[in-house]
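Residue numbering restarts at 1 for every chain, and letters A, B, ... go by the order of the sequence lines.
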Amino acid sequence: MGMAAAESQFHVLAVDDSSLDRKLIERLLQKSSCQVTTVDSGYKALEFLGLGQGIESNDPNALSTSPQEVEVNLIITDYCMPGMTGYDLLKIVKESSAFKNIPVVIMSSENVPARISRCLEEGAEEFFLKPVRPADLNKLKPHMMKTKLKHQKLEEIEEPLNVVAAAASVEPEIKDPTEVGIKILTLQSELEPKQVHLQVVQQEEQTLSNNKRKSMEEGLSTDRSRPRFECITTAV
Amino acid sequence: MDAHVAQLQMQYRNYILSLYQQGFLDDQFTELKSLQDDGSPDFVAEVLSLFFDDCVKLVGNMARALDQTGTVDFCQVGANVHQLKGSSSSVGAKRVKGLCINFKELCEAKNYEGCVRCLQQVDVEYKTLKAKLQDMFNLEKQIVQAGGIVPQVDIN
């Protein structure tokens, strides 16, 4: 864990409910030498980051499968998605102390100035109009360099701290229990209100995704689908 | 150089140019092609396949939404149009995208007859594009089978 992988690629988490657009952004990012993970919803993005159900299981191992090993250097997300919009995702990421420093880029097929400024005000690094082009991704190069340098510095500092913590530990067979314990507590307490929200929202999303195709195909308009359509038909 | 291959290549070039000139494709399609390489040799075909899958699904949804005895949910129709507009924009399907722009306005105006007509046009248009692109892929295949390389076509 303390080993710095000097040649590790810049890892982008791409979020889009359209499989076509996911494929496109993935290819674009790969061509820019990025490692890419694509997910089809904000919920899955949060899960991947480790802000999902993994934490509340009180399983210390859950944490070790998230950020530390699957570090995300940038999130690029579509704005208009059912359930959790890109804006919602942006807010959650920026309000989490663990991930607020991950740059978030918003993509949208619509050029709505109010939408763009709202996202930028909430902390989005960039706002790309779709279809995204290679030139847009060039704007991300500075972010790539900044994140890489920062993490290299952090790794240099972390090494001696890990040694100290291990030496002070009462039960040496468990790796840094106090460190891990504190980490879990911090994340849990900060996330408590949101965890409940996420739980409820995740359940809703499951139902939504199960029923989504069905309701669309049957031409039924359910309450669940309303927010999505409003999102699309109203200006902001 | 083999005369047969050269002839096929010229045919291919002219065909591609005509697709752009007739407004079937725009520069986003060019971008798609530029993303294809030896590492991802079927990228364009895969993306187009996703696009046409979207067309079938979304047109079906819209047909069902417009086939209501009683009130039509134009919001729902509009949501599907929005998705189709996004997909067509992402692949460079210029005519389909143009129709979607009109369609969106018709949904907002809750113009039932207009929507029904527009949907029919969308249906025809994406199927036409599909057939044209199939011809394009067939030409590519013929060139390769004849021992040639598929030329990069400069649109400008």
Report task. Tell me, yes or no, whether the heavy-atom count around Lys141(A) atom NZ, taken from other residues, nucleotides or ligands under 6.0 Å, exceeds 12. Result -> yes

Query - Structural part of Leu32(B) lying under 4.5 Å from a heavy atom of chain A - result: side chain

Query raised in the report: Given the options Lys31(A), Arg133(A), Lys130(A), which has more heavy-atom pairs under 4.5 Å with chain B than any of the others?
Result: Arg133(A)

Query - Expected output: side-chain Asp17(A) to main-chain Ser41(A) donor-acceptor under 3.5 Å - result: no

Report task. Name the region of Ser34(B), side chain, backbone, both or neither, that has any atom closer than 4.5 Å to a heavy atom of chain A. Result -> backbone

Query raised in the report: Side chain, backbone, both or neither: which part of Glu31(B) has an atom under 4.5 Å from a heavy atom of chain A?
Result: side chain

Query - Verdict with supporting geometry, Lys57(B) and Asp53(B), salt bridge (charged side-chain N to carboxylate O under 4.0 Å, His left out) - result: CA-CA 6 Å; Lys57(B) 182 186 85 179; Asp53(B) 285 348; over 6 Å; no

Report task. Given salt bridge (charged side-chain N to carboxylate O under 4.0 Å, His left out), test Asp73(B) with Arg64(B) step by step and report yes or no. Result -> CA-CA 10 Å; Asp73(B) 188 349; Arg64(B) 269 177 293 268; over 6 Å; no

Requested in this report: Give the member of Asp54(B), Val77(B), Asp37(B), Leu66(B) that has the highest number of heavy-atom pairs under 4.5 Å with chain A.
Outcome: Asp37(B)

Query raised in the report: So which of Pro131(A), Pro134(A), Ser18(A) has the biggest tally of heavy-atom pairs under 4.5 Å with chain B?
Result: Pro131(A)

Query - Pair Gln83(B)-Asn61(B), side chain to side chain contact (heavy atoms under 4.5 Å, CB included): steps then yes or no - result: CA-CA 11 Å; Gln83(B) 284 189 56; Asn61(B) 290 343; over 6 Å; no

**Report entry** Part of Lys23(A) lying under 4.5 Å from any heavy atom of chain B
**Finding:** both

**Report entry** Whether Phe127(A) and Tyr79(A) hold their rings parallel, tilted or perpendicular, with breakpoints at 30° and 60°
**Finding:** tilted

